[in-house]
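No experiment lies behind these values; they were computed from the predicted model shown.
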Amino acid sequence: MSSTPLRKLYRSIGKNLAQDKRTCTEMIAGLKRSADDNLAAMFRESLEVNSHFDGTKQPFLNAASLRTRTKLTSGSRGDNRIVYFLSTKGEVRVTGGPRGYSFHYVGRQVPPFRQEGAGAPRSGAGGIDYTAVADKTPVLGEIKRSGDKNAFYAFVQLLTYLSEMATANQVARATKHEEFGVALKHPQRFDLHVLLTDLNPRSATQSLIGQTHELADAFRKRLGKEAEEVLETILCLQMDSAEFADDAAPALHCDWVA
């Protein structure tokens, strides 16, 4: 696939926290101006470019790739540890967010555009950190641990993945290969999860949590009616992994909803 505006943005950020804060601030301002060079325009263009990709005949990960990837265990580390918890807890409740919101884990490290013959990805080798279903709504989730990238970076990642998954061809592909365990229909709305885990409350990245909320609200408002075709709910969630692992009825706290 051609590199899209969102892919280019995604590759350019996450290297310097101060710069990410400036970029986020500039993007919020850009969404509020009348000019066309803003995050919503980048999303529209990326979605259009990605609409020409057709991998409907192939699953996102074939059987061989699934067999050879790193197994999730109680001793997994990094993002795999967080995904292991999500995968073994069944229904995951969310407190402080939409009333009664919960979801079920479906899969991990899903590469939107990988084609057979392009190598056998391992867990951690790239792709959407986790996929899930909230009621019948498909979920794309990105995990950011303490010392990892920030909420702003995760949100841009999620918009990039949404532009790659919400096209007619990709929705048909997901249904054909039962990627989410439920039938999807284009236009399809997705939930987006920014999942922040074990964050230091004194971390310099904390200020970007609220800033990213402002960005998500401004993005949704600027996208207008088009947002209603691809977006259901955007949630910023927090997990204390030790507490979550020990809880028989685990829950994540919602910092904000957009």
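Using the six-membered ring where Trp is involved, His213 and Trp256 have ring planes that are parallel, under 30° apart on the 30 and 60° scheme.
Ring centroids of Phe190 and Tyr161 are separated by 6.0 Å or more, keeping the two rings apart.
If you check the side chains of Ser65 and Asn62, you find a donor sitting under 3.5 Å from an acceptor. Using modelled atom types, one finds no donor on one side chain facing an acceptor on the other under 3.5 Å when comparing Thr137 with Asp135. Between the side chains of Asp198 and Ser241, at least one donor N or O sits under 3.5 Å from an acceptor N or O. Between the side chains of Thr25 and Gln211, at least one donor N or O sits under 3.5 Å from an acceptor N or O.
Using a 4.5 Å cut-off between side-chain heavy atoms of Ile, Leu, Val, Met, Phe, Trp and Tyr, with links allowed through other members, Leu140 and Leu61 fall into different hydrophobic clusters. Residues Val194 and Leu17 fall within the same hydrophobic cluster, defined by Ile, Leu, Val, Met, Phe, Trp and Tyr side chains chained together at heavy-atom separations under 4.5 Å.
Note that NZ of Lys89 and OH of Tyr84 are 8.5 Å apart. Values are rounded to the nearest 0.5 Å. The structure places CE of Met27 at 10.0 Å from CG of Asp37, a figure rounded to the nearest 0.5 Å.
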**Message:** Please evaluate residues Asp129 and Gln157 with respect to the criterion side chain to side chain contact (heavy atoms under 4.5 Å, CB included), reporting the C-alpha separation (whole Å), side-chain torsions for both, the decisive distance (0.1 Å), and the verdict.
**Reply:** CA-CA 10 Å; Asp129 283 348; Gln157 275 186 289; 5.7 Å; no
**Message:** Working note: Met239 + Leu86, criterion side chain to side chain contact (heavy atoms under 4.5 Å, CB included); need CA distance, chi angles, decisive distance, verdict.
**Reply:** CA-CA 11 Å; Met239 173 197 284; Leu86 295 177; 4.0 Å; yes
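Within 6.0 Å of CD on Glu91 lie more than 12 heavy atoms contributed by other residues, nucleotides or ligands. At most 12 non-hydrogen atoms from other residues, nucleotides or ligands lie less than 6.0 angstrom from CD of Glu243.
By the 4.5 Å heavy-atom criterion applied to side chains, Leu199 and Gln238 are counted as neighbours.
The backbone N or O of Thr160 lies less than 3.5 Å from a partner atom in the side chain of Ser163, making a donor-acceptor pair. Panel note: side chain Gln206, backbone Asn200; a donor-acceptor pair is recorded below 3.5 Å. The closest donor-acceptor contact from the side chain of His177 to the backbone of Thr56 lies under 3.5 Å.
No salt bridge links Lys136 with Glu232; every basic N to acidic carboxylate O contact stays at or beyond 4.0 Å.
None of Val92, Thr95, Asp191 except one satisfies the side-chain contact (heavy atoms from CB on, under 4.5 Å) rule with Tyr101; the exception is Asp191.
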